[in-house]
Every structure is written in C-alpha cells, then in structure tokens.
Amino acid sequence: MNSLTYAACGSDLDRWVERGYSFAPFAVPANLAGQPSAVLPVSLTHSGLPVAVQISGQTGDDVLVLRVSKAIEDAIGWKGLPF
C-alpha cells in the first residue's frame, strides 16, 4: 500500500492508525490527518534544552505553514543550536 489515507486502509480506523504510526511514530496527529505542520526551536532553557513552537495549517496550506515558520525564524533571529 503506497498511501496512508483512511480510504486506502479500507476505512478501517485501527489499520489506518497502525499504518500511520508505523510510518511516522513520532508524527503529530495533524500530519497523519494530512495537515501540514512544522515544529520550530525558538529558544533554549537555562539547562540548554530546546523550546519549540508548532505551526499547523489546513490541508493544502503547506506554503502558508512554511511562510509563517520563516517569519517566526526571522522575528526571533534563530541561528540554530550552539553545537
């Protein structure tokens, strides 16, 4: 099976969930539902752990999610992790 859609899984919820989580075990439900999402590190805690924000859009709004992600990166001046 080349698709993760609900219909491609025979409209069987258990099969759809199993296929989705085996394909991307740490993906958020939005990604499994076909909604574009991005997670951006925006800061570090005092102990050096990353703090992130997640952006999700409606199905087909991939470009909007990427534009918002870029705007957030530009606004906070994120230069990456220090290693």
Side-chain angles (χ1 to χ4, degrees):
M1 182 181 327
N2 294 328
S3 178
L4 294 175
T5 65
Y6 184 67
C9 292
S11 298
D12 179 302
L13 182 60
D14 291 332
R15 187 172 172 198
W16 178 73
V17 170
E18 181 182 348
R19 288 265 308 139
Y21 281 105
S22 68
F23 174 75
F26 303 110
V28 295
N31 291 137
L32 293 174
Q35 295 174 276
S37 295
V39 177
L40 304 166
V42 294
S43 185
L44 296 173
T45 65
H46 291 293
S47 60
L49 296 173
V51 176
V53 63
Q54 179 175 337
I55 310 299
S56 294
Q58 295 178 356
T59 301
D61 276 347
D62 302 62
V63 172
L64 177 61
V65 169
L66 291 172
R67 285 182 179 158
V68 171
S69 298
K70 174 77 168 104
I72 291 170
E73 286 180 338
D74 291 346
I76 64 171
W78 181 256
K79 302 295 183 207
L81 295 174
F83 50 83

When rounded to the nearest 0.5 Å, the distance separating CD1 of Ile55 from NZ of Lys70 is 14.5 Å
Closest non-hydrogen contact found for Ser37 with Val65 is C-CG1, 4.1 Å
For Asp12, the side chain to side chain contact (heavy atoms under 4.5 Å, CB included) test, sequence neighbours excluded, returns Asp14, Arg15
- Item | Within 6.0 angstrom of Gln58 CD, more than 12 heavy atoms from elsewhere | no
Taken in chain and number order and not counting sequence neighbours, the residues that satisfy side chain to side chain contact (heavy atoms under 4.5 Å, CB included) with Thr45 are Ser47, Leu49, Val51
Can you find a pair of side-chain heavy atoms, one from Leu13 and one from Tyr6, that are under 4.5 Å apart? yes
Check your understanding: Are Ile76 and Leu40 connected in the hydrophobic side-chain network, where two residues link if heavy atoms are under 4.5 Å apart?
Key -> yes
Rounded to the nearest 0.5 Å, the CG atom of Asp62 sits from the CD atom of Gln35 at a distance of 11.0 Å
### Query
Is there a chain of hydrophobic side chains (I, L, V, M, F, W, Y, each step under 4.5 Å between heavy atoms) that links Val53 to Leu64?
yes
